[in-house]
Novice: 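Sharing a structure, written as C-alpha cells. Questions coming.
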Amino acid sequence: MTTIYLKPHKEDSLRRFHPWVFSGAIARVLLDAGHPGNAPAEGELVSVYSSMGEVLGVGHWQIGSIAVRILAFGVETLPADFWNERIRAAYQVREALGLTPNHQSPITNHQYNDTFRLIHGEGDFLPGLIVDVYADTAVVQAHSIGMHLCRKEIAKALMDEIPQVQNVYYKSDDTLPFKAKIDGDKIGYLAMTDCEKADEFWSTENGLQFRIDWLRGQKTGFFIDQRENRALVERYAANKDVLNMFCYTGGFSLYALRGGAKSVDSVDVSQKAIDLVNINVARNFPNDPRHHAYAADAFDFLSDKITNHKSQITNYDLIILDPPAFAKHRDAVKNALRGYQRINAKAIEMIRPGGILFTFSCSQAVDKEAFRLAVFSAAAQVGRKVRILHQLHQPQDHPINIYHPEGEYLKGLVLYVE
Ligand code: SAH
C-alpha cells in the first residue's frame, strides 16, 4: 500500500482525530514497487505515518489541497470488518434516537418511523459518504472517488447490518467530483432482494406515509433533514390557513394537515413534485377538501396568486418557505442573500397579523448570521415587526463532526409576524 510520511509536528491534528491531511503537511509519498503510476491514484487507500514513523491512520487519497481523508485512526490498513463495524455503529445511534422501526421511543412520540439518514459523511466518520434509508431501501451517494470505489463493500455491509434493508440503490451521478475519471456505474442497484416497484413504494416518517422516488426524485429522493421541523409545524398548524412554498413532495403539508390546519396550499415549480404531493395527501388524508396543490413559480404565486392560481386564500396564518440552495458556491452568496430577502419579503407581506413564518436556508455557504440579517431586512422592507420564536437546524441523524463545521448546512427561523 502507498505510504505517506508527514512533516515534523504535522501529526498533532490527526492525533486529535481531525479527519483530513492537507497536501502541505506531507513530506514524502512512497509508492509500492508494483504501483501502476508515479503518484497515488485518486481514491486509493493510503496509510499515513508521522515523521517519527508512528502509524497515524489509513484513508482515501484525493487530488487537491485535502490530500487524504482518514477513515480509521491508529491502524495501517482497514480492518476486515471495517464497513460492517462503522455502519453498525451508525445504526445503533439511529436506534438510540428512536428513528428505526424496531425501536420507537418517546423521543419520536412512539410514532412509526422507517425513514432516516444512516450515514452523514464526516458526521458518521465516513467522509464522502451519504446513506439515506427508506423502509426496505437504502440510497447511497458517494461524494468522493474513494467512496465510489468502495460502493460494493458498502452495499454488502448495509445488507448485512441493517435489518430493514433489502435493496441498495446507488445514486452518485450528481455528487462525484466531475473532473475525476470514474470507473464503473454512477447509478443503479447494488443489491436487490425484493423487486419492489418504485411506484408502489411507501416509506413512513413519524407515522405519515410518503412515496419516495429515488430514481427520478431530487437528491436521494426525499429531504429527511426537515423531519423535526415538520413536526414543529404540526404543533402550530391547528385552525390555520397554511402555505407550504417549495413543497417538493409535501412533507410540511402532511404534518400541517395532521395538526388540524384549516387549509393547506402546497406550491412547487415542478409538476412532478406536485403529482407526488397529491399522491401523498390522498394516501394519508383521502378526499380531504382542505388541501390544494399548485405547480407554479414561487415569485409568481406570491405576486399574483388569485388571478393565476385561483386559490381561495389571499392571506395566510402560517407560511413555510424552504427554497433550494440559492448559493451553491461561496461566490454566489451575495446574490443568494438578495434572493432570500426578496422571497421572505413577499411571504411576510402575505402573513396575517399574528401569523407565523417558518423560513429556511439549506445553502451551506450562507451562514446563520447572514441568513438572519437577510430575513430581518425583508421584514424591515415591508414594514412588519417580527420576533424570533425558534432557531432551527438539521436533525440528530445529520450529526456534525466538530472538525467539519461544513457538515452543518440547514438553518431556519420561526418568526412571529405582527
Ligand atoms: N420543503 C421540501 C423540500 C424543498 S426542496 C420538503 O420538505 O421535502 C426545494 C424545492 O423547491 C424543490 O422541490 C424545487 O422543485 C422547488 N423550486 C425550485 N425553484 C422554485 C421556484 N422558483 N418556485 C417554486 N418552487 C421551486
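Counting starts at 1 for both ligands and their atoms, following the listed order.
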Novice: Apply side-chain contact (heavy atoms from CB on, under 4.5 Å) to Glu76 and Met1, showing your working.
Specialist: CA-CA 9 Å; Glu76 327 174 77; Met1 189 191 290; over 6 Å; no
Novice: Which atoms of ligand 1 sit under 4.0 Å from any heavy atom of Ala296?
Specialist: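 In order of number, 23 (N), 24 (C).
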Novice: Counting both backbone and side chain atoms, is some N or O of Phe223 under 3.5 Å from an N or O of ligand 1?
Specialist: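 Checking ligand 1 against Phe223, no N or O pair falls under 3.5 Å apart.
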Novice: Should you measure from each heavy atom of Asp322, which atoms of ligand 1 turn up under 4.0 Å away?
Specialist: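 What qualifies from ligand 1 is 1 (N), 2 (C), 3 (C), 4 (C), 9 (C).
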Novice: Are Gln62 and Ser144 linked by a side-chain donor-acceptor pair shorter than 3.5 Å?
Specialist: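 Gln62 vs Ser144: no donor-acceptor pair found between side chains.
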Novice: Run the ring-centre check on Tyr403 versus Phe17 and record whether the distance is less than 6.0 Å.
Specialist: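 Ring centres of Phe17 and Tyr403 not closer than 6.0 Å.
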Novice: Short N/O distance, under 3.5 Å, between Arg230 and ligand 1?
Specialist: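 In this structure, Arg230 places an N or O atom under 3.5 Å from an N or O of ligand 1.
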Novice: Within 45° of the six-membered ring axis of Tyr255 and under 6.0 Å from that ring's centre, is NZ or CZ of Arg258 located there?
Specialist: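 Cation-pi check for Arg258 and Tyr255: passes.
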Novice: Assess the side chains of Asn284 and Gln209: does a donor N or O sit below 3.5 Å from an acceptor N or O?
Specialist: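 Judged by distance alone, the side chains do not pair up.
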Novice: Under 3.5 Å, is there a donor-acceptor pair linking the side chains of Gln164 and Asp114?
Specialist: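 No - no donor-acceptor pair under 3.5 Å links their side chains.
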Novice: How far is atom 25 (N) of ligand 1 from the closest protein heavy atom, and which atom is that?
Specialist: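 Protein heavy atom at minimum distance: Val269 N, 3.1 Å.
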Novice: Does at least one non-hydrogen atom of Met245 fall below 4.0 angstrom from an atom of ligand 1?
Specialist: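 No heavy atom of Met245 comes that close to ligand 1.
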Novice: Please work out which of the three classes, parallel, tilted or perpendicular, describes the rings of Tyr91 and Phe116, given edges at 30° and 60°.
Specialist: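 Because their plane-to-plane angle lies in the 30° to 60° range, the rings of Phe116 and Tyr91 count as tilted.
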Novice: Could you tell me whether some N/O pair between Pro323 and ligand 1 is separated by less than 3.5 angstrom?
Specialist: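 Between Pro323 and ligand 1 (N or O atoms, distance only) the closest approach is not under 3.5 Å.
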Novice: Would you say Trp20 and Glu122 are linked by a side-chain donor-acceptor pair, where the criterion is simply a distance under 3.5 Å?
Specialist: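 Checked: Glu122/Trp20 side chains pair up, N/O donor to acceptor below 3.5 Å.
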Novice: Please confirm whether the ring centroid of Tyr169 lies under 6.0 Å from the ring centroid of Tyr134.
Specialist: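 Ring centroids of Tyr169 and Tyr134 are no less than 6.0 Å from each other.
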Novice: Are any of the N/O atoms on Thr249, whether in the backbone or the side chain, positioned under 3.5 angstrom from an N/O atom of ligand 1?
Specialist: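 N/O-N/O distance below 3.5 Å does not exist for this pair.
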Novice: Do Asn280 and Arg283 have side-chain atoms, one donor and one acceptor, less than 3.5 Å apart?
Specialist: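 Asn280 vs Arg283: no donor-acceptor pair found between side chains.
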Novice: Provide the number and element of each atom of ligand 1 under 4.0 Å from a heavy atom of Cys247.
Specialist: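 Answer, ordered by atom number: 2 (C), 6 (C).
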Novice: Centre-to-centre under 6.0 Å for His390 and Phe358, is that the case here?
Specialist: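 No.
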Novice: Which of the atoms of ligand 1 are close to Phe252, meaning less than 4.0 Å from one of its heavy atoms?
Specialist: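 Reading through ligand 1 atom by atom, the close ones are 1 (N), 7 (O).
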Novice: Can you find an N/O atom of Asp297 closer than 3.5 Å to an N/O atom of ligand 1?
Specialist: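 By distance alone, the answer is yes.
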Novice: Any non-hydrogen atom of Gly250 lying under 4.0 Å from ligand 1?
Specialist: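 Flag not set, Gly250 not near ligand 1.
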Novice: Any idea which protein heavy atom is nearest atom 18 (C) of ligand 1, and the distance to it?
Specialist: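 Residue, atom and distance for the closest contact: Pro324 CG, 3.5 Å.
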Novice: If you count the atoms of ligand 1 from 1 in the order shown, which ones are under 4.0 Å from a heavy atom of Tyr248?
Specialist: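 The list of qualifying atoms is 2 (C), 3 (C), 4 (C), 8 (O), 13 (O).
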Novice: Considering only non-hydrogen protein atoms, determine which one is nearest to atom 4 (C) of ligand 1 and report residue, atom name and distance to 0.1 Å.
Specialist: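 Protein heavy atom with the smallest distance to atom 4 (C) of ligand 1: Phe246 O, 3.2 Å.
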Novice: Short N/O distance, under 3.5 Å, between Asp268 and ligand 1?
Specialist: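 Yes: some nitrogen or oxygen of Asp268 is under 3.5 Å from one in ligand 1.
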Novice: Could you list which atoms of ligand 1 come closer than 4.0 Å to a heavy atom of Ala298?
Specialist: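 Atoms satisfying the 4.0 Å criterion: 21 (C), 23 (N), 24 (C).
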Novice: May I ask you to check if ligand 1 and Ala273 share an N or O to N or O distance below 3.5 Å?
Specialist: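 The answer is no, given that Ala273 and ligand 1 share no N or O pair closer than 3.5 Å.
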